[in-house]
Amino acid sequence: MAASSQRHDVIVVGARCAGSPTAMLLARRGYRVLLVDRVTFPSDTMRNHFIHGPGVGSLKRWGLLDRIVASGCPAVRRQTFDLGDFPLSGPIEPVDGVDANYGPRRYVLDTLLAHAAAEAGAELREGFSVQELVFENGEVVGIRGRSRTGGVVEERAPIVVGADGLHSLVARSVQAPVYNTRPTLTCGYFSYFADIPVDGIAVAIVGNRFMIAFPTHGGLTCVAVQAPVAEFPSFRADIERAFFASLDRVPWFAELVRPGRRVERWLGTADLPNQYRKPYGPGWALVGDAGYHKDPLTAQGITDAFRDAELLTDAIDAGFTGRLSPAEALAGYERRRNEATRASYEEAVAMASFLPFPPELYAHRAALRLAA
């Protein structure tokens, strides 16, 4: 992975929440980065978009939080949780001096991140569809694809980073091993509603239903429901009925949402596996959902992607500068990623299994309610 005289030091495939920060951070360190994506920005995606405190802290460190605020995305400073006992409200815990979370629409957030990478010096090619990786002697040495004008283009670099999502072409092409897998546990649907007076983020986990509502751009509120994956066929058969029947299990939540107006289409999926992939090999690395994916019930995906972009940037830099061998540096990236995610992965699996919460948690919540 030594730096070469090629035009690019790193090629990043995928310019959303994992790829663009990786490209930006590498470019800020002086590396020649090519960032490609098959879409042109602004572009939406069928993924949810809540950013918890550590992820907001990343945006602040990168100098991008002010842009999120300037985009008109509401700050979320309060949270309400109902675990089947009662709704308990309180302020968001500050993280790194930031006392708010945010839920920016992906067509805003992803565009902002891609442009930040370009501003840092990365070459951003939108509308570029990667067709295949280029191999030499079993090692990835580049990509081959089509530009937005239809021409076939080949680009080379010492390392290709797959930030191209759960169904990553990069991961498939290198046959990245999958491990610590758990079955798909939930399905989910969400949409956007007007005229919902939500105060911060509202979450309810009652029985075998999870529901969340939070404010986003344009005065809208994102409302989502997750249910056991076995219910996906019946849910899909009549989304409106199943969605509101789920909300009606928690009267205060239904009273919050029912007066609103749904103003966008339903978005839903049962494609929610729980898995790790080995995130590196000769000439390649993976970041974001391409390398690690868990049930979105805990809404940690963007925060995880931001953290792993920093970890991978450090590893690539260590390999290029010779502080570590490429294999040592990227093995360290995998180890740190796994250490950082081990507890949250198990938590997400347990919650997505709708396992009972421990009695001590309910006792703690009751004490907080009395103290309020």
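When a residue number appears, it is its place in the shown sequence, counting from 1.
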Side chains of [X] and [Y]: is there a donor and an acceptor less than 3.5 Å apart?
X: Ser71; Y: Arg105; result: no
X: Arg249; Y: Asn208; result: yes
X: Gln226; Y: Asp295; result: yes
X: Arg47; Y: Thr45; result: no

Quick one: do Ser173 and Trp284 satisfy side-chain contact (heavy atoms from CB on, under 4.5 Å)? Show the steps, please.
CA-CA 10 Å; Ser173 299; Trp284 61 272; over 6 Å; no
Does this structure show an ion pair linking [X] with [Y], if we count only N-O contacts that are shorter than 4.0 Å?
X: Asp164; Y: Arg38; result: no
X: Lys294; Y: Asp304; result: yes
X: Asp308; Y: Arg337; result: no
X: Glu346; Y: Arg182; result: yes

With sequence neighbours left out, what residues match Trp266 under ring pair (Phe, Tyr, Trp, His ring centres under 6.0 Å)?
Phe243
Sub-4.5 Å side-chain heavy-atom contact between Leu166 and Ser168:
no
Can you say whether the rings of Tyr292 and Tyr345 are parallel (under 30°), tilted (30 to 60°) or perpendicular (over 60°)?
tilted
Tyr280 ring centre to Lys278 NZ or CZ under 6.0 Å, with the angle to the axis within 45°?
yes
Please test Val203 against Phe81 for side-chain contact (heavy atoms from CB on, under 4.5 Å), starting from the C-alpha separation and ending with a verdict.
CA-CA 5 Å; Val203 175; Phe81 279 87; 3.6 Å; yes
Run the numbers on Val76 and Phe50 for side-chain contact (heavy atoms from CB on, under 4.5 Å), then give the verdict.
CA-CA 10 Å; Val76 176; Phe50 195 76; 4.1 Å; yes
Here's a test for you: under side-chain contact (heavy atoms from CB on, under 4.5 Å), which of Asp37, Leu35, Val153 qualifies with Arg125?
Val153
Does Asp9 form a salt bridge (charged side-chain N to carboxylate O under 4.0 Å, His left out) with Arg32? I'd like the steps, not just the answer.
CA-CA 5 Å; Asp9 297 316; Arg32 300 164 298 176; 2.7 Å; yes
Any chance the rings of Phe214 and His49 have centres within less than 6.0 Å?
yes
